[in-house]
Asker: 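Have a look at this one.
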2 protein chains.
Amino acid sequence: MSDLLERLRGRGWRMTAQRRVVAEVLDGEHVHLTADEVHARAVAKLPEISRATVYNTLGELVSLGEVLEVSTDKRAKRYDPNAHRPHHHLVCARCGAIRDVRPIGNPLADLPDSERFGFTVSDVEMTYRGLCPDCASA
Amino acid sequence: MSDLLERLRGRGWRMTAQRRVVAEVLDGEHVHLTADEVHARAVAKLPEISRATVYNTLGELVSLGEVLEVSTDKRAKRYDPNAHRPHHHLVCARCGAIRDVRPIGNPLADLPDSERFGFTVSDVEMTYRGLCPDCASA
DNA sequence: TCCTATATTGGACTTAGTCCAAGTCAAGCA
DNA sequence: TGCTTGACTTGGACTAAGTCCAATATAGGA
Ligand SMILES: [Mn+2]
Ligand SMILES: [Mn+2]
Ligand SMILES: [Zn+2]
Ligand SMILES: [Zn+2]
């Protein structure tokens, strides 16, 4: 994620301890944390970081296209650092576990003109639901 | 929607003025109202109906499978009476207009085993995004 | 018509998130 | 290296969406 920090510096960002910590927390694959989870992990590394700064930083990262907001459940938004390789999500209906998935085919092409109601369709978001191995065997 | 009222009576529901009004408000196609919108329209017909009752009734309808909860934007949940014919949604990114759509093919089959991570996948929810005719021409 | 389990109500409470005025500090410059 | 300053951070107040509850009302069966 230090390439992320580089890109941000390139865009004129001041490199503060808070922003560095948020970027660190958002590192890895299958990472889909809520703002409060990001805050909790950030506090572990930098105790004085505020909720407001976490929200600010996440919002900035989203509007720069470096992080995606996903709303797979009906609760808090989740923040997904895997923004540069398009993907969809598979969610456990019981425990909430989330995985990144890449279905085959092009779902945009599967919406016939007669079902477009004159819209200019540019994007599709898919959420698969089911039970993860742990929850299925319990 | 009076067949809905019949089904509810059959399930032992007391038929109150409040429940009748909520059911009336949720009538039609392409209906995707928030709880507050349902409440506002219900108040127009039955001024003394409370927010709590609207939430209670919507929750009951959802758990009976008569109404779907959809979260197409990141704001309030929307309530969709079109629960008996499976469908997906097409949302205008600018004004929020929502249409019911039926893509061709079976998106469940498009998720290869190697992308299932051992999950038992049972369902998929698709949200197409774009601009509605009005917003595209503005 | 009466009775009572079921439904409704208003308001307090919670959760997720936004906003702001005041204080702090990163980074360019002397 | 030390100043300066505008960008950044902070805590707390505020909002929106939704839940919960004790008190009250009523649908529908006896
Ligand atoms: Mn993801
Ligand atoms: Mn719908
Ligand atoms: Zn699970
Ligand atoms: Zn529109």
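Order of the sequence lines fixes the chain letters, A, B, ..., with proteins taken first and strands second; residue numbering starts at 1 for each chain. Remember, predicted model here, so these are calculated numbers, not experimental data.
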Asker: Is B/R116 reaching over with its side chain to a backbone N or O of B/V121, donor-acceptor style, under 3.5 angstrom?
Answerer: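 Between the backbone of B/V121 and the side chain of B/R116 there is no qualifying donor-acceptor contact (under 3.5 Å).
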Asker: May I have the list of side-chain donor-acceptor pairs in residues 41-51 of chain A shorter than 3.5 Å, sequence neighbours left out?
Answerer:
unit_1: A/K45; atom_1: NZ; unit_2: A/E24; atom_2: OE1; d: 2.9
unit_1: A/S50; atom_1: OG; unit_2: A/T53; atom_2: N; d: 3.1
unit_1: A/S50; atom_1: OG; unit_2: A/T53; atom_2: OG1; d: 3.2

Asker: Look at A/Y55 and C/dG17 and indicate whether a side-chain polar atom (N or O) is within less than 4.0 Å of OP1 or OP2.
Answerer: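 Answer is yes, contact under 4.0 Å.
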Asker: In whole Å, I'd like the distance from the NE2 atom of A/H39 to the P atom of C/dT18.
Answerer: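 My rounded result for the distance is 15 Å.
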Asker: Hey, does the side chain of A/R14 come within less than 4.0 Å of C/dC25's phosphate (OP1/OP2), counting only N and O?
Answerer: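 Checking C/dC25 against A/R14, no side-chain N or O comes under 4.0 Å of OP1 or OP2.
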Asker: Could you give the CD-to-P distance, from A/E48 to C/dG23, as a whole number of Å?
Answerer: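 So the CD-P distance, A/E48 to C/dG23, works out to 18 Å.
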Asker: Using a 4.0 Å heavy-atom cut-off, does B/T53 contact any base of the nucleic acid, only the sugar-phosphate backbone, or nothing at all?
Answerer: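 Touches a base.
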Asker: First and last nucleotide of DNA chain D in contact with chain A, 5' to 3', at under 4.0 Å to a heavy atom: what are they?
Answerer: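 Counting from the 5' end, contacts occupy D/dG6 to D/dG11.
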Asker: Look only at the side chain of B/E115 and the backbone of A/V101, and say whether a donor-acceptor pair between them is shorter than 3.5 Å.
Answerer: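 Not at all, since once roles are kept as given, no pair shorter than 3.5 Å links the two residues.
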Asker: Please identify each residue that fulfils salt bridge (Lys or Arg N to Asp or Glu O under 4.0 Å) with A/E66, with sequence neighbours left out.
Answerer: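 A/E66 satisfies salt bridge (Lys or Arg N to Asp or Glu O under 4.0 Å) with A/R7 only.
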Asker: Once you round it to whole Å, what is the distance between C1' of C/dT9 and CG of B/N56?
Answerer: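 For the pair B/N56 CG and C/dT9 C1', the rounded distance is 10 Å.
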Asker: Under the salt bridge (Lys or Arg N to Asp or Glu O under 4.0 Å) rule, collect the residues that match up with B/R99, sequence neighbours excluded.
Answerer: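 Partners of B/R99 by the salt bridge (Lys or Arg N to Asp or Glu O under 4.0 Å) criterion come out as none, since no residue qualifies.
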Asker: Show me the donor-acceptor pairs within less than 3.5 Å that the side chains of residues 122-133 of chain B make with the rest of the protein, sequence neighbours left out.
Answerer:
unit_1: B/S122; atom_1: OG; unit_2: A/R129; atom_2: O; d: 3.3
unit_1: B/E125; atom_1: OE1; unit_2: A/R129; atom_2: NE; d: 3.3
unit_1: B/E125; atom_1: OE1; unit_2: A/R129; atom_2: NH2; d: 3.3
unit_1: B/Y128; atom_1: OH; unit_2: A/P107; atom_2: O; d: 2.9
unit_1: B/R129; atom_1: NE; unit_2: A/E125; atom_2: OE1; d: 3.3
unit_1: B/R129; atom_1: NH1; unit_2: B/T72; atom_2: O; d: 3.3
unit_1: B/R129; atom_1: NH2; unit_2: A/E125; atom_2: OE1; d: 3.3
unit_1: B/R129; atom_1: NH2; unit_2: B/T72; atom_2: O; d: 2.7

Asker: With A/F117, which residues qualify under ring pair (Phe, Tyr, Trp, His ring centres under 6.0 Å), at least two apart?
Answerer: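 Expected list: B/H30.
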Asker: Return the value, rounded to whole Å, for the distance between atom CZ of A/R9 and atom C1' of C/dG28.
Answerer: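 To the nearest whole Å, that distance equals 14 Å.
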Asker: Across the strands shown, which category fits B/A52 at heavy-atom distances under 4.0 angstrom: base, sugar-phosphate, nothing?
Answerer: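 Counting heavy atoms under 4.0 Å across all strands, the contact made by B/A52 includes a base.
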Asker: Once you round it to whole Å, what is the distance between P of C/dC25 and CZ of A/R19?
Answerer: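 For the pair A/R19 CZ and C/dC25 P, the rounded distance is 15 Å.
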Asker: Nearest heavy atom decides the nucleotide; on that basis, is B/W13 or A/M15 closer to the 5' end of DNA chain C?
Answerer: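 Per heavy-atom nearest nucleotide, the more 5' residue is B/W13.
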Asker: Provide, to the nearest angstrom, the distance between the CG atom belonging to A/L58 and the C1' atom belonging to C/dA16.
Answerer: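 Taking atom C1' of C/dA16 as the reference, CG of A/L58 is at 13 Å.
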Asker: Between B/T16 and B/T34, which residue's closest nucleotide on DNA chain D lies nearer the 5′ terminus?
Answerer: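 Nearest-nucleotide comparison on DNA chain D picks B/T34.
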Asker: In this structure, how many angstroms lie between the C1' atom of C/dG17 and the CD atom of A/E69, rounded?
Answerer: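 The distance from CD of A/E69 to C1' of C/dG17 comes to 11 Å, rounded to the nearest Å.
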Asker: Atom CZ of B/R20 to atom P of C/dT8: distance rounded to whole Å?
Answerer: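 Answer to the nearest Å: 11 Å.
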Asker: Is B/Q18 near enough to C/dT9 that one of its side-chain N or O atoms lies under 4.0 angstrom from OP1 or OP2?
Answerer: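 Yes, because at least one side-chain N or O of B/Q18 sits under 4.0 Å from OP1 or OP2 of C/dT9.
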Asker: Applying a 4.0 Å non-hydrogen cut-off, can you work out what A/R75 is touching in the nucleic acid: base, sugar-phosphate, or nothing?
Answerer: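 Here A/R75 touches no strand at all.
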